[in-house]
Amino acid sequence: MELNLKTFIPSLDAYHMPYVSEFASFDLPSYFYSLVRQIPVNKVSTYMDLAIALGDTIAARAVGKMLSENPEPDITECFRIIHSDGSVGNYTHPLGTEEKIRRLVACGIKVEDEHVMDFEKLRFTEFKTEFPLKRIAAEQSRMSKEFVSEYPGSDSFGAVDVSYYGNDAVAAFVWREGNEIMARFARSHVTFPYIPTYLSYREGEIMKRAIGNFDGTVLVDGHGIYHPRFCGLACYIGITAGIPTIGVGKSKLKGNISGKYIMIGDRKVAMIHKGRFLSPGNRIDLLDIEKIVGHDDTVLKLTDEAHKAATHFKNTAIKKE
DNA sequence: GCGACAG
DNA sequence: ATCTTGTCGC
């Protein structure tokens with residue numbers, strides 16, 4: 001016998017459809033290196049210029065980091081990227097800054113006292129780009145609209161954290177079973193760099209693999225709606241996996257402190273509890289979080305267990321390889 | 001000159 | 001988060 005779906009499912013909208021990210025496996029470094037290769041041989045550009053071409057000035061440090069990890073320095077020449085004040089800046093090479101200057105001079109660029117002469121005239125900014133970080137930020141804004149504040153309730157809690165050895169990451173997810181603490185791990189090489197406010201695209205997918213099909217509320221090492229686009233790591237995980245999540249951050253992002261709460265504009269996005277910033281990720285609100293940590297102070301300690309598990313796995317399994 | 005800038 | 005990457009605004 002076959003079911004007539006049209007009869008039994010009146011509207012797909014009645015179901016919660018997990019949001020699918022378009023950038024879950026986006027290779028930002030490859031895109032970035034292709035931008036670097038656009039700089040003409042007799043020109044220079046700055047870390048900030050490349051960050052703008054990527055789509056957000058907040059990525060300036062990540063630009064430096066990606067250049068330092070350039071896998072093909074002969075094909076993607078990175079010595080043309082200099083500081084915004086015209087000084088040549090660092091060069092990840094055994095010979096350091098001296099080598100950067102030597103290579104610039106070899107291209108006919110004049111350098112005096114570690115500064116590029118006629119810097120503004122030699123500066124290249126006309127990148128052909130689709131501003132990927134702007135697109136990702138737009139996805140965060142769209143995704144934030146999928147946030148649901150109704151808490152389904154749960155008697156089980158888990159916590160997830162990530163530890164790194166270079167760009168090799170391990171995610172640890174821990175939960176309680178009776179008196180035991182259980183752990184599940186996920187490993188992978190990550191390419192997306194750490195960029196403030198884009199943490200989801202570095203850690204979201206590996207964390208979801210460690211969480212697996214856990215049926216409960218997940219504490220995430222990062223913020224939830226306490227985020228400039230109301231879409232931090234805990235939201236990304238909660239909304240793309242369709243599960244209740246709570247963001248647990250150790251440090252501030254932006255926003256104003258008002259008593260025990262953090263405000264972004266007129267929206268209350270987080271509460272301060274025991275030096276942590278707690279914010280809704282998905283399918284929960286601040287009042288639920290307040291009740292949970294007030295009723296059971298062992299729940300938050302799961303985040304410490306997740307941190308320990310991830311660090312231990314990294315030190316014992318990854319570092320030795 | 002020093003802090004922000006989630007991890 | 002590690003192993004050093006940059007800019008802005010006060």
Side-chain angles (χ1 to χ4, degrees), chain A residues 28-29 32 36 45-54 56-70 78-79 81-93 96-97 100 133 137 140 159-172 188-207 210 219-237 245-257 262 264 269-270 272 275-281 303 306-308 310-311 313-315 318-319:
Chain A
L28 190 77
F32 169 74
V36 174
S45 201
T46 71
Y47 296 92
M48 188 52 97
D49 294 335
L50 266 304
I52 290 167
L54 282 174
D56 197 331
T57 59
I58 207 168
R61 289 186 84 173
V63 165
K65 183 75 172 143
M66 287 188 284
L67 289 172
S68 75
E69 294 171 354
N70 181 4
C78 48
F79 59 86
I81 320 295
I82 65 172
H83 283 178
S84 290
D85 64 358
S87 61
V88 294
N90 291 321
Y91 196 53
T92 306
H93 181 283
T97 303
K100 190 170 187 174
L133 291 180
Q140 290 177 321
V160 64
D161 190 19
V162 179
S163 184
Y164 293 91
Y165 185 64
N167 287 328
D168 290 317
V170 56
S188 61
H189 184 80
V190 297
T191 60
F192 203 100
Y194 170 67
I195 304 172
T197 77
Y198 298 89
L199 178 61
S200 307
Y201 298 87
R202 178 167 171 82
E203 300 192 340
E205 294 303 316
I206 189 173
M207 279 188 170
L219 306 174
V220 178
D221 187 18
H223 294 316
I225 61 171
Y226 177 18
H227 180 274
R229 295 172 288 282
F230 306 106
C231 194
L233 177 58
C235 297
Y236 178 94
I237 290 173
T245 54
I246 300 171
V248 182
K250 290 180 269 309
S251 55
K252 278 195 77 204
L253 197 34
K254 21 209 127 173
N256 309 306
I257 296 177
I262 305 280
I264 293 182
V269 293
I272 304 172
R276 308 282 183 104
F277 300 95
L278 309 183
S279 63
T303 62
H307 182 78
K308 277 191 265 179
T311 306
F313 191 103
K314 178 196 67 178
N315 288 335
I318 300 188
K319 264 193 180 177

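Chain A is the first sequence line, chain B the second, and so forth, proteins listed ahead of strands; every chain is numbered from 1.
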S.K.: Of the residues in residues 220-230 of chain A, which ones touch DNA chain B at a heavy-atom distance under 4.0 Å?
M.R.: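 Correct list: Asp221(A), Gly222(A), His223(A), His227(A).
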S.K.: Under 3.5 Å between N/O atoms: give me all the protein pairs with nucleotides 8-10 of chain C, atom names plus distance.
M.R.:
none

S.K.: OP1, OP2 of dG6(C) versus side-chain N and O of Thr46(A): anything below 4.0 Å?
M.R.: no
S.K.: For dG6(C), does either OP1 or OP2 sit under 4.0 Å from a side-chain N or O belonging to Asn90(A)?
M.R.: yes
S.K.: Under 4.0 Å, counting only non-hydrogen atoms across every strand here, what does Asp85(A) touch: a base, just sugar-phosphate, or nothing?
M.R.: nothing
S.K.: Restricting to side chain to side chain donor-acceptor pair (under 3.5 Å), what partner residues turn up for Asn256(A), sequence neighbours left out?
M.R.: none
S.K.: Under 4.0 Å, heavy atoms only, any strand: does Leu233(A) hit a base, just the sugar-phosphate, or nothing?
M.R.: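 Here Leu233(A) touches the bases of the nucleic acid.
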S.K.: Identify whether any heavy atom of Tyr164(A) sits under 4.0 Å from a base atom; if not, whether one sits that close to sugar-phosphate; answer base, sugar-phosphate or nothing.
M.R.: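 The answer is sugar-phosphate, as Tyr164(A) gets under 4.0 Å only of primed atoms, P, OP1 or OP2.
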S.K.: Taking any atom under 4.0 angstrom from a heavy atom of chain A, which nucleotides of DNA chain B are the first and last to qualify, 5' to 3'?
M.R.: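 First-to-last contact on DNA chain B, by the 4.0 Å heavy-atom rule, is dC5(B) to dG7(B).
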S.K.: Please identify each residue that fulfils ring pair (Phe, Tyr, Trp, His ring centres under 6.0 Å) with Tyr91(A), with sequence neighbours left out.
M.R.: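 Applying ring pair (Phe, Tyr, Trp, His ring centres under 6.0 Å) to Tyr91(A) gives His93(A).
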S.K.: Would you say a side-chain N or O of Tyr47(A) is under 4.0 Å from OP1 or OP2 of dG6(C)?
M.R.: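 So the side chain of Tyr47(A) is within the cut-off, an N or O lying under 4.0 Å from OP1 or OP2 of dG6(C).
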S.K.: Can you see whether Tyr198(A) has Arg229(A) sitting over its ring - NZ or CZ less than 6.0 Å from the centre and within 45° of the normal?
M.R.: yes
S.K.: Could you tell me whether the side chains of Tyr201(A) and Gln140(A) share a donor-acceptor contact shorter than 3.5 Å?
M.R.: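 No pair is found: no donor N or O on one side chain lies under 3.5 Å from an acceptor on the other.
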S.K.: Strictly below 4.0 Å: does Lys314(A) bring a side-chain N or O up to OP1 or OP2 of dT2(C)?
M.R.: yes
S.K.: Just call it for Ile58(A): base, sugar-phosphate, or nothing, with non-hydrogen atoms closer than 4.0 Å on any strand.
M.R.: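 Counting heavy atoms under 4.0 Å across all strands, no contact is made by Ile58(A).
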S.K.: In dot-bracket form, how is DNA chain C paired, counting a Watson-Crick or G-U wobble pair only if both its distances are under 3.5 Å and using | for bases paired to another strand?
M.R.: .....|||||
